[in-house]
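No hydrogens, no waters, no symmetry mates; every other heavy atom, side chains included, goes into these values. Quick note: residue numbers are just sequence positions, from 1.
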Amino acid sequence: MSRFPWDKFLSFTPMDLVKLIVTALIIVVVTKIQVVNDRLSALLIALPFTSLVAMCWMQAEKQGNTRIANHSEGTFWFVLPTLPMFLILPWMLRSGWNFWLALFANCLLTIGFFWLTVVILRRFGIDLMPK
């Protein structure tokens, strides 16, 4: 396994500040919309804003189509194990679970679903977590 490039990861450029502000602005706008219309905010959050913004940043940084394609494909596979949370969490909350406990339980379930997804997809020749 190659050494992790901490120097690149921890460096902070002016472009990183722009990315931070634009990305945070999207989240703030959607949460403000939620105050008025929770269904519209859910629709906006369901749109892959984060992935689209990340791919735009990758393109701006000239990371290449192969990296963007890999990112997009990985996102598809990693979205699948998160979907049960959006049904289990509301059920738990409506059943009287404490929010933080329900959220923690759903995080554990999602980690399990991630692991299961990786194991199953490896059997089909798709390696989401190369060694």
Side-chain angles (χ1 to χ4, degrees):
M1 179 180 231
S2 64
R3 189 173 90 65
F4 187 81
W6 285 105
D7 55 330
K8 290 180 183 178
F9 181 75
L10 296 175
S11 67
F12 195 78
T13 66
M15 182 62 167
D16 291 330
L17 183 60
V18 170
K19 291 190 282 187
L20 178 66
I21 291 168
V22 170
T23 306
L25 183 62
I26 290 170
I27 294 169
V28 170
V29 167
V30 171
T31 58
K32 291 292 188 178
I33 290 171
Q34 187 277 328
V35 172
V36 178
N37 188 328
D38 58 349
R39 297 294 181 177
L40 178 59
S41 71
L43 170 64
L44 293 173
I45 286 298
L47 297 173
F49 279 130
T50 307
S51 293
L52 293 173
V53 169
M55 287 186 278
C56 289
W57 296 137
M58 293 168 76
Q59 177 63 27
E61 294 170 350
K62 298 181 180 8
Q63 291 190 25
N65 288 344
T66 301
R67 278 193 87 127
I68 296 171
N70 289 343
H71 171 83
S72 180
E73 183 180 23
T75 299
F76 170 81
W77 290 114
F78 280 131
V79 162
L80 296 177
T82 67
L83 294 177
M85 179 186 71
F86 296 105
L87 295 175
I88 297 170
L89 181 63
W91 173 80
M92 291 173 94
L93 294 174
R94 290 182 183 124
S95 297
W97 283 60
N98 170 279
F99 170 78
W100 295 110
L101 181 59
L103 187 63
F104 179 73
N106 275 269
C107 288
L108 291 178
L109 283 169
T110 301
I111 290 168
F113 289 140
F114 273 121
W115 175 82
L116 189 61
T117 300
V118 168
V119 169
I120 290 170
L121 289 177
R122 274 192 183 145
R123 293 181 183 211
F124 293 96
I126 299 169
D127 194 2
L128 296 174
M129 302 296 286
K131 295 176 184 178

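- Looking at W57 and M15, their side chains come closer than 4.5 Å, going by heavy atoms from C-beta outward.
- Side-chain contact check for F113 versus T82: every heavy-atom pair is 4.5 Å or farther apart.
- Note: H71 NE2 to E73 CD = 12.0 Å, rounded to the nearest 0.5 Å.
- Between E61 and K19, at least one side-chain nitrogen of the basic residue sits less than 4.0 Å from a carboxylate oxygen of the acidic one, meeting the salt-bridge criterion.
- Here the straight-line distance linking atom CE of M85 with atom CG of L108 works out to 12.5 Å at 0.5 Å rounding.
- The number of heavy atoms from other shown groups lying within 6.0 Å of CZ (F78) is above 12.
- A donor and an acceptor atom, one from each side chain of D16 and T13, are located under 3.5 Å apart.
- The line from OG1 of T117 to CZ of R122 is 12.0 Å long, rounded to the nearest 0.5 Å.
- Under a hydrophobic-cluster definition in which Ile, Leu, Val, Met, Phe, Trp and Tyr are linked whenever side-chain heavy atoms come within less than 4.5 Å, directly or via other members, L93 and L103 are assigned to the same cluster.
- The shortest heavy-atom contact between I120 and F124 is O-CD1, 3.2 Å.
- Placement of L40 and I26 within a single hydrophobic cluster is found when ILVMFWY residues are connected by side-chain heavy-atom separations under 4.5 Å, directly or transitively.
- Using a distance-only test at 3.5 Å, with no hydrogens or angles considered, no donor-acceptor pair links the side chain of S72 to the main chain of I68.
- In this structure, I88 is a member of the same hydrophobic cluster as W97, with clusters built from ILVMFWY side-chain heavy atoms closer than 4.5 Å.
- Going from atom CD1 of I33 over to atom CG of D38 covers 12.0 Å, rounded to the nearest 0.5 Å.
- L116 and L128 end up in different hydrophobic clusters when Ile, Leu, Val, Met, Phe, Trp and Tyr side chains are linked at under 4.5 Å.
- Cluster annotation: M92 is not connected to L87 through the hydrophobic network of ILVMFWY side chains, with a link wherever side-chain heavy atoms come within less than 4.5 Å.
- Annotation: F12, atom CZ; neighbour count of heavy atoms from other residues, nucleotides and ligands within 6.0 Å is above 12.
- Put simply, CZ on R123 and CG on L121 are 11.5 Å apart, with the number rounded to the nearest 0.5 Å.
- Environment of CG in N65: sparse, with no more than 12 heavy atoms of neighbouring residues, nucleotides or ligands closer than 6.0 Å.
- Considering every non-hydrogen atom in both T110 and P81, the closest pair reads CG2-O, 4.0 Å.
- Atom CG in L20 sits 11.0 Å away from atom CG in L25 (nearest 0.5 Å).
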